[in-house]
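Read the structure below first, then the notes.
Because the structure is predicted, anything quoted here is derived from the model rather than measured. Atoms within a ligand are numbered from 1 in the order they appear, just like the ligands themselves.
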Amino acid sequence: MAHQSISLLPSLVKLNSILFRDRKDFATACLFALLAGLVQLSLPLGIQSIISFVMAGTISTSIVVLIGMVVFGVFINGLLQVRQLQIIEKVKQKLFVRYSLEYADRLPKLNIEPLDNEYLPELVNRYFDSITLQKGIDKLMLELPAAVIQILLGLLLLSFYHPVFIAFGLVLIAIVLTIILASSGRGLQAAYKASTYKYAVAAWLQEIARSIKTFKYSKGTSFHLNRTDVLVSDYLGYRTSYFGVLLTQFWSLISFKVLITTAMLIIGAYLLVNQQINVGQFIAADIVIIAIIISIEKLITNLDVVYDAIVSVEKLSVIADAETEQSGSLQLDDLKEGVAVEFKNVTFAYGNNRPVLNDISFAIEPGQMVQIRGESGTGKSTVLRLLTGAFKNYTGNILLNNVPIGNYEVASLRKHTGILLGSQDIFHGTLWDNLTMGNPAIGMEEINQLCQITGLTAFVKASSKGYDTLLQPVGNKLPENVRKNILLIRALAANQRMLLLEEPFAHLSPDNKTAVIRYISKEIAATILIASKDQELGTYCNRVVTLGKLS
Ligand SMILES: Nc1ncnc2c1ncn2[C@@H]1O[C@H](COP(=O)(O)OP(=O)(O)OP(=O)(O)O)[C@@H](O)[C@H]1O
């Protein structure tokens with residue numbers, strides 16, 4: 001990750017497409033910026049007229065009207081700015097909502113195969129870049145377009161004073177574009193690297209927090225500090241080079257200002273002396289040029305916001321643009337009994353590792369209970385994982401009711417499959433939420449019965465809030481058997497047509513184990529696959545599929 005790079009044009013296109021979603025708001029904000037820019041121009045024009053009046057010695061009511069109009073222009077300008085602020089606030093809120101929902105919607109749908117080597121909670125940190133983007137929106141949608149509009153309008157106005165100002169304007173635009181283009185590639189790259197290391201530092205701090213007991217009892221070593229030190233040094237290196245680019249831009253700006261101020265005064269004075277413009281025009285032209293310089297300064301000093309916004313969009317896209325699971329279109333609906341499961345010469349490897357399953361074949365009839373048995377590492381859980389539909393890179397065929405599993409719509413497959421895998425967890429929520437996952441079809445009677453047979457009832461009764469007890473993330477502080485029972489009930493609740501259970505009974509007492517086995521074989525009309533080393537389990541099952549170690 002740390003060595004990835006970013007290229008200007010595609011990233012800029014990506015940022016544009018994000019901003020383009022709010023194009024109507026953007027257009028309205030630009031319109032207001034344009035109007036505000038026009039109104040702003042009334043200031044130098046008004047001043048020019050006032051000076052002309054004063055020079056001509058005609059103090060009359062028209063001068064009062066003129067002053068009134070200039071003041072009114074300032075007020076209207078303020079009003080237009082308020083409207084712009086309101087629009088931008090709306091865009092900011094939309095941005096936050098959009099990324100929040102997009103992340104929540106996408107995460108469970110992600111294709112976990114390419115993300116197998118990533119730690120998702122760390123990747124999700126990129127979500128905070130929506131805040132960076134939100135903060136940059138002011139500048140991106142308001143200040144920068146306003147600055148560009150001000151510059152263009154100012155140059156247009158100047159060209160009316162004297163044609164020489166047209167050449168002046170062209171030179172000015174050329175210089176500004178050169179400054180921006182010359183440094184933006186490096187600036188963006190450095191901003192990207194700095195951001196990458198920022199996330200590396202955050203990830204490491206989270207890792208310390210996650211395994212806090214490990215670091216607390218670390219026999220007094222400073223490992224955590226040393227590693228932080230290395231990551232922070234890397235960050236500082238890139239941050240400094242980023243700042244170097246910004247500093248170069250700032251120096252270019254200073255030279256530019258010196259140059260333009262000199263040119264402005266010399267050209268203005270020359271035209272004035274040669275009576276090609278009058279004093280009023282000279283002053284007004286200078287006010288316009290100063291306004292242009294201020295706008296250009298705004299443009300260049302805010303380039304870092306543009307870089308940060310581009311980098312943010314790029315970082316956010318780690319999840320927002322990540323590949324989602326491929327889904328078929330067939331529904332696994334309207335089933336009254338379990339599904340027929342068949343593995344035909346299935347070979348599977350995680351990533352580029354050597355195969356875990358090699359040419360495995362077996363068939364299970366609807367409603368059968370089957371144990372997948374084998375030593376540790378023989379691929380028992382992998383068989384179950386393949387049946388979740390989350391892994392697709394296998395050869396051979398996996399059939400459900402004689403149809404390749406990939407043909408089914410993933411959502412309908414999951415709806416009818418009860419899954420208990422070791423990688424599942426308790427989340428921060430009530431016990432009820434953890435048991436039912438918010439499924440309204442699951443009732444109290446069913447949950448009570450499942451609690452009874454698994455032995456979770458004792459915990460529910462002992463908790464003062466019962467099913468409303470708030471559970472900590474990962475089930476922290478819960479006894480191990482309670483944690484495992486919650487996960488088991490979650491898999492068993494609701495009507496299932498296929499149950500995939502990884503070592504589901506090891507934590508149960510003999511009585512609870514018998515009760516659960518009786519329940520799943522009698523009460524649930526599902527095909528049941530149990531990955532387990534339990535030698536005794538085979539006596540309850542219709543058959544045992546034994547996996548051997550691959551040499
Ligand atoms: N996501 C993964 N990426 C890479 N290798 C994996 C992954 N998951 C499992 N493996 C490897 O695949 C092999 C089979 O794992 P699997 O969990 O299916 O075995 P198992 O028979 O269920 O083992 P156990 O009884 O210990 O749970 C193991 O060597 C394991 O290290």
Taking a 3.5 Å cut-off between nitrogen or oxygen atoms, can you list every pair linking ligand 1 to the protein, with distances?
{"from": "ligand 1", "atom 1": "1 (N)", "to": "Asp116", "atom 2": "OD1", "distance (Å)": "3.4"}
{"from": "ligand 1", "atom 1": "1 (N)", "to": "Asp116", "atom 2": "OD2", "distance (Å)": "2.9"}
{"from": "ligand 1", "atom 1": "3 (N)", "to": "Asp116", "atom 2": "OD2", "distance (Å)": "3.1"}
{"from": "ligand 1", "atom 1": "8 (N)", "to": "Arg385", "atom 2": "NH1", "distance (Å)": "3.3"}
{"from": "ligand 1", "atom 1": "18 (O)", "to": "Thr382", "atom 2": "N", "distance (Å)": "2.9"}
{"from": "ligand 1", "atom 1": "18 (O)", "to": "Thr382", "atom 2": "OG1", "distance (Å)": "2.4"}
{"from": "ligand 1", "atom 1": "19 (O)", "to": "Gly379", "atom 2": "N", "distance (Å)": "3.4"}
{"from": "ligand 1", "atom 1": "21 (O)", "to": "Gly377", "atom 2": "N", "distance (Å)": "3.3"}
{"from": "ligand 1", "atom 1": "21 (O)", "to": "Thr378", "atom 2": "N", "distance (Å)": "3.2"}
{"from": "ligand 1", "atom 1": "21 (O)", "to": "Gly379", "atom 2": "N", "distance (Å)": "3.0"}
{"from": "ligand 1", "atom 1": "21 (O)", "to": "Lys380", "atom 2": "N", "distance (Å)": "3.0"}
{"from": "ligand 1", "atom 1": "21 (O)", "to": "Lys380", "atom 2": "NZ", "distance (Å)": "2.9"}
{"from": "ligand 1", "atom 1": "22 (O)", "to": "Ser381", "atom 2": "N", "distance (Å)": "2.9"}
{"from": "ligand 1", "atom 1": "22 (O)", "to": "Ser381", "atom 2": "OG", "distance (Å)": "2.4"}
{"from": "ligand 1", "atom 1": "23 (O)", "to": "Gly377", "atom 2": "N", "distance (Å)": "2.9"}
{"from": "ligand 1", "atom 1": "25 (O)", "to": "Lys380", "atom 2": "NZ", "distance (Å)": "2.8"}
{"from": "ligand 1", "atom 1": "26 (O)", "to": "Ser376", "atom 2": "OG", "distance (Å)": "2.5"}

Go through the side-chain N and O atoms of Asn111 and Glu323 and say whether any donor and acceptor fall under 3.5 Å apart.
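A pair is found: one side chain offers a donor N or O, the other an acceptor, under 3.5 Å apart.
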
With a 4.0 Å cut-off on N to O distance, would you call Lys14 and Glu314 a salt bridge?
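Glu314 and Lys14: salt-bridged.
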
Any Lys/Arg nitrogen of Glu207 or Arg227 sitting under 4.0 Å from an Asp/Glu carboxylate oxygen of the other?
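No salt bridge links Glu207 with Arg227.
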
Are any non-hydrogen side-chain atoms of Leu133 and Leu95 less than 4.5 angstrom apart?
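Yes, side chains in contact.
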
Check whether more than 12 heavy atoms from other residues, nucleotides or ligands sit under 6.0 Å from atom CZ of Phe215, and answer yes or no.
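More than 12 heavy atoms, drawn from other residues, nucleotides or ligands, come within 6.0 Å of this atom.
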
Specify whether Phe362 and Phe343 have parallel, tilted or perpendicular ring planes, treating 30° as the upper limit for parallel and 60° as the lower limit for perpendicular.
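It falls in the parallel class, under 30°.
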
